Every structure is written in C-alpha cells, then in structure tokens.
**Q** 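To start, I am sharing the structure in question, which I have written as structure tokens.
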Amino acid sequence: MAKPFGQSTLGVRAGQRRTDLKEHSEALFLTSSYVFENAAQAAAGFAGGGADFVYSRYTNPTVTMMQDRLAALEGAQACVATASGMSAILATAMVLLKAGDHIVSSNAIFGATVQLFSTLLPKFGIETTFVPLSRIDEWQRAVRPNTRLLFLESPSNPLGEVADLGAVAAVARKAGATLAVDNCLCTPALQRPLALGADLVIHSATKYLDGQGRVLGGAVAGAKGPALDGLVGFLRTAGPSISPFNAWVILKGMETLEIRMLAQSERALAVAQWLEGHPQVARVYYPGLPSHPQHTLAKRQQRAGGAIVSFDVKGGKEAAWKVIDSTQLISITGNLGDVKTTITHPATTTHGRLTPEARAASGIGDGLIRLAVGLEDVEDLKADLSRGLG
Ligand SMILES: Cc1ncc(COP(=O)(O)O)c(C=O)c1O
C-alpha cells in the first residue's frame with residue numbers, strides 16, 4: 001500500500017475533483033440543481049441517498065470537495081457540511097436523539113450551544129446534564145440509561161481547560177453513547193479527536209477553517225454509517241445547508257490551515273509568556289504554557305497550544321476595559337479564528353447573559369480578557385496591549 005499523505009499535503013490536495021476542463025484551482029459550482037440525460041436517470045438520482053448530484057440542498061460538487069478535504073484532515077471516513085457551526089450541532093442532535101433521550105455535556109462550551117441544549121432541545125423532550133470538562137468522575141456520574149450523546153469542546157473557550165479525550169471516550173463507550181467533540185479551537189491541524197477516541201468531530205468552519213473571518217459554515221465528520229447518512233437526510237429534509245460559495249472559501253482556507261494554526265500558536269505562546277511576566281497581569285490561561293495545570297495532557301493531545309490566550313488583569317472590569325479601549329491595532333470583537341488579532345471582555349460580552357454567580361462558578365472574572373491571536377508581529381501586539389496595561 002502506498003504511504004498515506006501527510007497533513008500538509010492533504011490540506012492542499014485532498015478532495016479535489018477536476019472537471020474535463022482541467023482547471024488547476026478548485027471550481028466553484030454555483031448551481032442549485034443538475035440536469036439528467038433522461039427521466040429514468042432523474043428518477044434514479046432522486047431515489048439515491050445523495051450519491052449523485054441532484055439538488056444543492058444536499059449535494060454540490062464544491063461542498064463535496066470541502067467535506068472530503070476536512071474528512072481527510074480529521075482522519076474521518078466521511079463529512080457533512082452545514083450552514084454554520086450551530087446548525088452542525090443542531091443537526092447532530094436531531095439525527096442522534098429522540099424525545100426521552102439525554103445528553104451529558106461539558107459546561108464550558110460555546111454560549112449558543114448551552115442555549116440550544118438548555119432551552120431548545122427540552123421542547124422536544126431531550127434533557128442535558130452539564131458537567132465540569134476535566135472531571136471524568138462527574139461525566140461518569142451524570143450518565144443515565146437514556147444517555148445517547150456526550151458533548152465537549154477542548155480546549156475550552158475562554159479559559160483553555162483541557163479534557164482527557166480518551167477518558168471521556170471510554171465513558172461514552174461504556175454508556176453506549178456517541179462522543180461528539182467540537183474541534184473548533186484546535187482544528188485538525190493541532191488535534192484529531194477521532195484518533196483519540198471520539199465518534200464525531202464538529203466544526204464551526206466560520207472560525208479557523210476559513211481563517212479570515214469571511215463566511216459562515218459548519219461540518220460534522222466521522223465514520224461512514226447511520227449518523228453521517230442521517231445528516232445528509234437531515235439536510236435534504238430540513239435544509240440548513242452550506243452555500244457552495246461559503247464551502248469554496250472554506251475549502252481554499254483549509255489550504256493554509258496548518259501553517260496558520262502553527263504560526264498563530266507560536267505567536268500566542270510568545271504573547272502568553274510575555275503576559276505571564278507582566279506586573280499588571282494576575283493570571284494567564286494558555287494550555288501551551290508550562291504553568292497551565294493541564295499542560296502535559298495538552299501536549300499529549302495537541303500539536304500546539306492554539307491561538308486563544310486569556311488573562312486576568314489586576315483591577316477588575318475597569319482595568320480590563322482600559323486595556324481593551326487602549327488598543328489601536330487589535331480588533332475589539334467577539335469573533336475568533338481570524339488572522340487579525342481580536343480582543344474581548346467575556347464577562348460583559350460572550351458571558352454577559354450569565355448571572356454573576358454562574359459567571360464566577362465558571363471562572364469568568366471581571367478582570368478577564370480574551371485574546372484570539374492572529375498573524376501580526378508579536379512586538380506590535382505587545383505594544384498595543386502595553387498601552388492599557390501600563
Ligand atoms: C466553539 C464554537 N462552536 C460553535 C460555534 C458556532 O459556530 P457558528 O457561529 O459557525 O454557528 C462557535 C462560534 O463562535 C464556537 O466558538
């Protein structure tokens with residue numbers, strides 16, 4: 001057997017389908033439907049489960065290229081793209097679960113996912129128990145006979161807590177449940193959850209897969225079989241499909257994913273090290289720092305620490321806002337996954353809807369700042385942060 005291609009090669013080559021026109025760069029198929037030779041072929045296309053190109057709600061060649069490239073990078077047999085990260089999570093829940101089923105989820109997940117699990121899914125008879133990400137005993141304790149899905153993000157956002165993916169996968173296996181990992185922060189360039197025991201990998205492709213903050217997209221990758229087939233069926237019936245244009249942007253974004261993730265991680269580590277030595281900084285949260293309580297686990301699971309660095313400044317909200325408001329280069333925005341560095345104050349933005357008690361319980365203090373480090377020069381980032389840090 002030929003030696004399998006490396007990650008760098010897969011990032012730029014996997015999934016490409018050339019037409020008879022022999023285009024070198026991947027083509028963008030902006031078409032909603034496809035023509036058939038005759039009525040019998042049309043009937044066969046409609047009867048098939050999505051193997052032929054029929055209608056772009058669930059089959060499109062550009063989307064197929066994006067799915068196949070991401071599957072190759074994640075080491076998955078198959079991948080289904082969706083309109084956004086949230087629709088990937090919703091579609092997964094709709095396909096795997098029915099009324100009466102139960103989810104065990106990390107409590108350190110994206111806010112909209114918390115809302116989906118705690119307000120929307122209960123309307124359909126699906127309950128969720130939230131547990132601390134790194135407490136395997138709590139994952140085990142929360143499992144019930146009707147638990148069908150375990151869900152987590154690792155590292156967590158914004159505090160960079162890391163889950164032992166193999167240990168959570170063992171809990172899922174024992175329970176006969178599916179472990180789905182939202183791999184948005186690491187991407188397959190840094191971490192491949194399927195190789196560590198997860199059953200499904202979920203993506204907000206809006207973030208690092210695109211990498212330049214242009215389009216929304218999502219994806220679910222895993223083994224060929226009922227879950228992935230069910231997702232194609234869900235798209236066909238319910239319609240949260242990715243636009244071929246967005247899929248094309250993400251497909252091309254994946255060509256630079258590995259070098260971006262490594263370069264952004266390198267810059268994030270340099271900024272984290274500098275912040276750790278700064279007299280106005282009380283604490284830095286970054287899994288790539290040796291001082292991080294789960295640094296050894298992070299090093300085992302991840303190729304690098306990723307681009308998210310959070311830190312507590314001395315002086316609470318006032319001091320944190322001063323740092324943010326004094327920036328001239330870094331963008332004040334809640335988004336992440338961009339080559340432009342962004343800065344946000346989680347307590348009053350992404351986590352602003354939590355009660356002060358719930359915020360404190362999840363470790364989001366008033367002095368916490370989250371940086372999503374991009375590709376600028378580290379010295380320029382330090383200079384920009386120094387303005388308000390004093
Ligand atoms: C970890 C994580 N998962 C899912 C999402 C949702 O993705 P989208 O905005 O593409 O719906 C986000 C968005 O910020 C995220 O950060």
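Quick caveat, the model's predicted, so the values are computed rather than measured. Atoms within each ligand, like the ligands themselves, are counted from 1 in listed order. Computation of the quantities below employed the complete heavy-atom set of this structure, encompassing side-chain atoms and omitting hydrogens, waters and symmetry-equivalent molecules.
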**Q** Quick check against the 3.5 Å criterion: does Arg69 have a side-chain atom that pairs as donor or acceptor with the backbone of Gly15?
**A**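 Absent.
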**Q** Hey, mind stepping through Glu276 and Arg283 against salt bridge (charged side-chain N to carboxylate O under 4.0 Å, His left out) and telling me if it holds?
**A** CA-CA 7 Å; Glu276 204 167 36; Arg283 184 169 170 189; over 6 Å; no
**Q** Could you find the nearest protein heavy atom to atom 7 (O) of ligand 1 and give me its residue, atom name and distance?
**A**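 Result for atom 7 (O) of ligand 1: Ser204 OG, 2.9 Å.
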**Q** So, Tyr208 versus Asn183: side-chain donor-acceptor pair below 3.5 Å or not?
**A**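 Tyr208 vs Asn183: no donor-acceptor pair found between side chains.
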**Q** Which ligand 1 atoms does Glu153 reach within 4.0 Å, using its non-hydrogen atoms?
**A**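 Answer for ligand 1: 1 (C).
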**Q** Under 4.0 Å from a heavy atom of Thr206: give me the atoms of ligand 1 that qualify, with their elements.
**A**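 With Thr206 as reference, the close atoms of ligand 1 come out as 8 (P), 10 (O).
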**Q** Below 30° counts as parallel, above 60° as perpendicular, anything between as tilted: where do the rings of Trp248 and Phe245 land?
**A**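 Judged by the thresholds at 30° and 60°, the geometry between Trp248 and Phe245 is tilted.
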**Q** Can you check whether Met86 has an N/O within less than 3.5 Å of an N/O in ligand 1?
**A**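 Among all N and O atoms of Met86, at least one is under 3.5 Å from an N or O of ligand 1.
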**Q** Which atoms of ligand 1 have any heavy atom of Gly217 under 4.0 Å away?
**A**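 Counting from 1, the qualifying ligand atoms are 10 (O).
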**Q** Out of all atoms in ligand 1, which are within 4.0 Å of some heavy atom of Lys207? Include the element for each.
**A**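 Numbered from 1, ligand 1 contributes 9 (O), 12 (C), 13 (C), 14 (O).
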**Q** Give the atoms of ligand 1, by number and element, whose distance to some non-hydrogen atom of Asp182 is under 4.0 Å.
**A**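 Under 4.0 Å from Asp182, ligand 1 has these atoms: 1 (C), 2 (C), 3 (N), 4 (C).
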**Q** Heavy-atom count check: over 12 atoms from other residues, nucleotides or ligands less than 6.0 Å from Trp321 CH2?
**A**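 Counting neighbours around CH2 of Trp321, 12 or fewer heavy atoms of other residues, nucleotides or ligands fall under 6.0 Å, so no.
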**Q** Got the closest protein heavy atom to atom 6 (C) of ligand 1, with its distance?
**A**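 For atom 6 (C) of ligand 1, the nearest protein heavy atom comes out as Phe110 CE2, 3.5 Å.
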**Q** In terms of ring plane angle, is the pair Phe46 and Phe36 parallel, tilted or perpendicular, where the classes change at 30° and 60°?
**A**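 Because their plane-to-plane angle lies in the 30° to 60° range, the rings of Phe46 and Phe36 count as tilted.
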**Q** Would the number of heavy atoms belonging to other residues, nucleotides or ligands and lying under 6.0 Å from NZ of Lys252 be above 12?
**A**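 Enclosed: over 12 neighbouring heavy atoms sit under 6.0 Å from NZ of Lys252.
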**Q** Does any N or O atom in Gly85 lie less than 3.5 angstrom from one in ligand 1, N or O only?
**A**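 Yes, Gly85 has an N/O under 3.5 Å of an N/O on ligand 1.
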